[in-house]
Amino acid sequence: MFDFSTPVNRYGSYCTQWDYVEDRFGEADLLPFTISDMDFAVAPCIEQALSERLAHGVFGYSRWNHDDFKSAITGWFARRYHSQINPDHIVYGPSVIYIIVQLVLQWTKQGEGVLIHTPAYDAFGNMLAANERLMLTSPLLKTAGGSYEIDWEQFEAQAAKAECKVLLLCSPQNPTGRVWTRDELKRMAQICLQHHVKVISDDIHMDMAFNDYIPWSEVAINDNWALVSSGSKSFNIPALTGAYGFIANAEVRDRYLTQLKAAHGLSSPSILGVIGHIAAYNQGEAWLDSLKDYLQANLCYVAEQLNQAFPELNYQVPEGTYLAWIDLTPLSVDMDALQQRLIGHYKVAIMRGDTYGQEGQGYVRLNVGCPRSKVEIGLKALMSALHDLKHQ
């Protein structure tokens, strides 16, 4: 019904992943499996809605605070996740990380701490450092079965610290792909309540959960929380810009909106981002379901091929995201040599795990949000480079 197999040429589109791969890897014209956007064209319903708006020809100042935008979001959560969201709690932001930053600044002072499960999306650490906040880490434990669990004793010890003011949760978790269970979320909520820790839940990968995704709003005990998300990952529209959050506390919400509008002058959104979200959430479910099946098949292919070639890896398909988080430590790989081999010989760019903190040392993160033919090339390059190093 939908075509995810035909490659789309992204060169020359000012595309970060393809046109600017040299910025991170030091060499141009590499086949990239890097930042988490996908190589697929958007859902037809989004393309049609944008085309109709472009044909109008007038692009003046716009608004997000209207029923069409907010009901698309509340309807999506009601249908997909059986979660009833109060539309009055919805705020707009130009990006997920923007909303998170404003809440961190509102809820913490310089030198105070934000608790994060690690390995973690690298923008979190960069954002905290730039704003002179302390990053408190809670390293996830890898299980014998290849999944990842919270070290609850260590997590609570961090939450209990006087300087710990906020838990910045990633749900589903990037890069491990963990989809938190209701019991795990409830336990985190109870610990945060006990130690007066507020919660910001970054749920940008929520639609890419292969297990049941539970929004933080379903487990929240008080109103000291916010959930932040966007259709940008699941519908591949980050360049349109636009995100939203649910801020339960009215005073916090008002302060955020004052920053957005008065302090930063960002209350007039990209109209294409607003329309893209409305179309995606009102009409894009069939496309998304088909996409998720394709992505999960890509991840299964990675697992099958990797484990056949290197059984000691025991790589397991993640519970969510289109990011294969691959632990290469059983092979005792020199990661610098691996990167040099991938870039210099195979002309492939794959993200190093230590990009996401010291807990990612010995890992790679392979983006499979692309046609299978591209996954096959990248995976073959990775396995060949590993064989090359093994037999040196």
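Pairs passing the ring-ring contact (aromatic ring centres under 6.0 Å, His included) check and including a residue from residues 339-370, sequence neighbours excluded, read W325-Y356, W325-Y363.
A salt bridge does not link R178 with E149: every distance from a Lys NZ or Arg NE/NH1/NH2 to an Asp or Glu carboxylate oxygen is 4.0 Å or more. The residues R10 and D37 are annotated as salt-bridged, a charged nitrogen and a carboxylate oxygen being separated by less than 4.0 angstrom. Using a cutoff of 4.0 Å between basic side-chain nitrogens and carboxylate oxygens, D289 and R80 are scored as salt-bridged. Using a cut-off of 4.0 Å between Lys/Arg side-chain N and Asp/Glu carboxylate O, E112 and K198 are scored as not salt-bridged. Between E376 and K380 there is no salt bridge, since no side-chain nitrogen of the basic residue lies less than 4.0 Å from a carboxylate oxygen of the acidic one.
Contact check for S201 versus W225: no side-chain heavy atoms found under the 4.5 Å cut-off. Side-chain contact between L382 and I326 is present, with heavy atoms from C-beta onward closer than 4.5 Å. In this structure, the side chains of Y322 and C370 stay at 4.5 Å or more apart for every pair of heavy atoms. Residues V179 and F210 have side chains not in contact (no heavy-atom distance under 4.5 Å, counting atoms from C-beta outward). Q173 places a side-chain heavy atom less than 4.5 Å from the side chain of L140. By the 4.5 Å heavy-atom criterion applied to side chains, F310 and P330 are not counted as neighbours. Side-chain contact between K109 and K165 is absent, with no heavy-atom pair separated by less than 4.5 Å.
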### Task
Assess whether side-chain contact (heavy atoms from CB on, under 4.5 Å) is satisfied between S229 and F246, documenting all intermediate values.
CA-CA 9 Å; S229 194; F246 310 144; over 6 Å; no
### Query
Under the salt bridge (Lys or Arg N to Asp or Glu O under 4.0 Å) criterion, do D336 and R352 qualify, and how do the steps go?
CA-CA 9 Å; D336 291 333; R352 293 175 61 124; 2.7 Å; yes
### side-chain contact (heavy atoms from CB on, under 4.5 Å) evaluation trace for L386 with R341
CA-CA 9 Å; L386 289 171; R341 190 70 177 163; over 6 Å; no
### Query
Passes salt bridge (Lys or Arg N to Asp or Glu O under 4.0 Å), R63 versus D68? Steps please.
CA-CA 11 Å; R63 295 285 179 96; D68 286 350; over 6 Å; no
### Task
Kindly indicate, with the supporting measurements, whether the criterion side-chain contact (heavy atoms from CB on, under 4.5 Å) is fulfilled by R182 and D212.
CA-CA 9 Å; R182 186 179 293 272; D212 288 341; over 6 Å; no
### Query
Does the ring pair (Phe, Tyr, Trp, His ring centres under 6.0 Å) test come out yes or no for H277 and W64, once each step is laid out?
CA-CA 11 Å; H277 273 85; W64 61 270; over 10 Å; no
#### Entry: Derivation and outcome, side-chain contact (heavy atoms from CB on, under 4.5 Å), residues I150 and W180
CA-CA 10 Å; I150 295 168; W180 307 116; 3.7 Å; yes
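Across S234 and D207, no two heavy atoms sit closer than the pair OG-OD2, 2.8 Å. Nearest heavy-atom pair, C192 versus V199, reported as atom, atom and distance to 0.1 Å: SG-CG2, 3.9 Å. Here the closest heavy-atom approach between residue M135 and residue G125 is recorded as SD-CA, 3.8 Å. The shortest heavy-atom contact between V348 and L30 is N-CD2, 4.2 Å. V333 and L328 make their closest contact through CG2-O, 3.9 Å (heavy atoms, listed as atom of the first residue, atom of the second, distance). Taking every heavy atom of both residues into account, A297 and R372 meet most closely at O-NH2, 3.1 Å.
Using a 3.5 Å distance cut-off with no hydrogens or angles, the side chains of H82 and E218 do not pair a donor with an acceptor. Side-chain contact, W107 with N224: no donor N or O sits under 3.5 Å from an acceptor N or O. Side-chain atoms of T181 and D183 include no donor-acceptor pair closer than 3.5 Å. Side-chain atoms of Y92 and S267 include no donor-acceptor pair closer than 3.5 Å. Judged purely by distance below 3.5 Å, without hydrogens or angles, the side chains of Q102 and Q106 never pair a donor atom with an acceptor atom. At a cut-off of 3.5 Å, with distance as the only test, no side-chain donor of N249 or Y256 sits close to an acceptor on the other residue. H117 and Y148 share no side-chain donor-acceptor pair at under 3.5 Å.
Between atom CG of residue D293 and atom CG of residue N298 there is a gap of 11.5 Å, rounded to the nearest 0.5 Å. Atoms OG and CG, from S138 and L167 in turn, are 9.0 Å apart once rounded to the nearest 0.5 Å. Between the OG1 atom in T321 and the NE2 atom in H205 there is a gap of 6.5 Å [rounded to 0.5 Å].
Between the side chain of Q259 and the backbone N or O of H264, no donor-acceptor pair lies under 3.5 Å. K374 places a side-chain N or O within 3.5 Å of a backbone atom of P32 that can act as its donor or acceptor partner. Between the S268 side chain and the S62 main chain, a donor and an acceptor come within less than 3.5 Å of each other. Between the side chain of E359 and the main chain of A120, no donor-acceptor pair closer than 3.5 Å is present. Panel note: side chain T258, backbone D254; a donor-acceptor pair is recorded below 3.5 Å. With R53 contributing its side chain and G276 its backbone, the two residues share no donor-acceptor pair below 3.5 Å.
Under a hydrophobic clustering in which Ile, Leu, Val, Met, Phe, Trp and Tyr are joined whenever their side-chain heavy atoms come within less than 4.5 Å, directly or via other members, F40 and M1 fall into the same cluster. Hydrophobic clustering (side-chain heavy atoms under 4.5 Å, transitive across Ile, Leu, Val, Met, Phe, Trp, Tyr) keeps I35 apart from I350. Under the 4.5 Å side-chain heavy-atom criterion for Ile, Leu, Val, Met, Phe, Trp and Tyr, V42 and L54 are members of the same hydrophobic cluster. Side-chain heavy atoms closer than 4.5 Å link hydrophobic residues (I, L, V, M, F, W, Y) into clusters, and following such links, possibly through other members, connects I237 to F59. L141 and L185 fall into different hydrophobic clusters, where Ile, Leu, Val, Met, Phe, Trp and Tyr side chains are chained together by heavy-atom contacts under 4.5 Å.
Heavy atoms from other residues, nucleotides or ligands lying under 6.0 Å from CD of E312 number more than 12. Residue-environment remark: NZ (K292) exceeds the threshold of 12 foreign heavy atoms within 6.0 Å. Heavy atoms of other residues, nucleotides or ligands lying less than 6.0 angstrom from NZ of K261 number 12 at most. In this structure, E47 places its CD atom where only 12 or fewer heavy-atom neighbours from other residues, nucleotides or ligands lie under 6.0 Å away.
Partners of N314 by side chain to side chain donor-acceptor pair (under 3.5 Å), not counting sequence neighbours, listed by chain and number: Q316. Partners of E304 under the side-chain contact (heavy atoms from CB on, under 4.5 Å) rule, at least two apart in sequence or in another chain, do not exist in this structure. Among residues two or more places apart in sequence or in another chain, the side-chain contact (heavy atoms from CB on, under 4.5 Å) test is passed with E132 by Q110.
Counting side-chain heavy-atom gaps under 4.5 Å among Ile, Leu, Val, Met, Phe, Trp and Tyr, V8 is found in no cluster with other residues. Under the 4.5 angstrom side-chain criterion for Ile, Leu, Val, Met, Phe, Trp and Tyr, the cluster partners of Y14 are Y20.
Using cut-offs of 30° and 60° for the angle between ring planes, the F4 and F2 rings count as tilted.
If you run ring pair (Phe, Tyr, Trp, His ring centres under 6.0 Å) between W76 and each of F69, Y244, Y213, F235, only F235 comes through.
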